[in-house]
Amino acid sequence: MDSNQIRFAVFLGVFSLMLALEHFLPRHPRVDSKLRRFGINLTMTGLNIVLVRLLFGTAAVGAAHYAGERGWGALNLVELSAGLEILLAVVLLDLMIYVQHVVVHYVPLFWWFHIVHHSDLDLDVSSGLRFHPVEIMGSMALKIALVFLLGPSPLAVVIFESILNGMAMFSHSNVRLPLKLDRLLRLLLVTPDMHRIHHSVEVRETNSNFGFNLSIWDRMFGTYLAQAARPQPEIVIGVPPFRRREEVAFFKLLLMPLLRGGSGRRPQGNNGAGT
Ligand SMILES: [Zn+2]
Ligand SMILES: [Zn+2]
């Protein structure tokens, strides 16, 4: 199995599992058509996969091979067991994703691309795949730079990317986990209830729970919010400037950073700092 096959197997496995769980154990009532949103979110992810392949080729895994052959990066300078090296790489790359997520919320230019992710009117397994292509390209460039600095093995990068993809689908899923299980998992991981708070229209809630895989960063840096003001099924999902279905159609999403709502309304997800 090559790295793409491993990633695709993880994607398909987690996607199907969460889809089935969403059907039998939904947590939040829908306001938009699931089929319509799936069409948009999966088309967006297909476009992103093609663009990454065209612009970055073998991307972060290729960068890890390249760094390894030349002895670049901190992890290539020290002797560690394979297990410890993978663990360190996964945790440090996850910290980078957390920091990046905080930055895209507070820098207006970046927020206008990230808002595409937040504009989904419902949250489910497909939302974890919905990102503006520019945000994905920027994030890939940053990841490649970090791979050069950190020097993880190609295997560590494949493991990290598979975990990130699987966890993104899990944490965005509309699944009702038993509360005790949610509390237990949250000690270490981001759960669907925890990430749903991040997708609330309330600014204080949007600017909390930035983690993607590990929940420890939010606790460590004071951005953790255990509960939203409303009970989970009543959380209003989305961003205030884009609350109508026609405003979040596929091509509108691609143009969203340019149009910025069209009506001059400012985004609320970054303390109103948007331009
Ligand atoms: Zn966000
Ligand atoms: Zn999200």
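Whatever order the structure lists ligands and atoms in, that order sets their numbers, starting from 1. Nothing fancy with the numbering, it's 1 onward along the sequence.
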**OP:** Have a look at the Zn ion (ligand 1) and estimate, to 10 degrees, the angle subtended by NE2 (H101) and NE2 (H114).
**Re:** 90°
Subject >> N/O/S from H117 sitting under 2.8 Å away from the Zn ion (ligand 1) >> reply: no
Original post:
From the Zn ion (ligand 2) out to just under 2.8 Å, does an N/O/S atom of H198 turn up?
Top reply: no
**OP:** Examine all N, O or S atoms of H118, backbone included, and report whether one is under 2.8 Å from the Zn ion (ligand 2).
**Re:** no
Aromatic contact, [X] with [Y] (centres under 6.0 Å):
X: H198; Y: H172; answer: no
X: Y98; Y: F221; answer: yes
X: W111; Y: H118; answer: yes

Original post:
Are side-chain N/O atoms of S126 and D124 paired as donor and acceptor at under 3.5 Å?
Top reply: yes
Original post:
Going by the angle between their ring planes, with limits at 30° and 60°, are H114 and H101 parallel, tilted or perpendicular?
Top reply: perpendicular
Subject >> NE2 (H195) to the Zn ion (ligand 2) to NE2 (H199) angle, given to the nearest 10 degrees >> reply: 100°
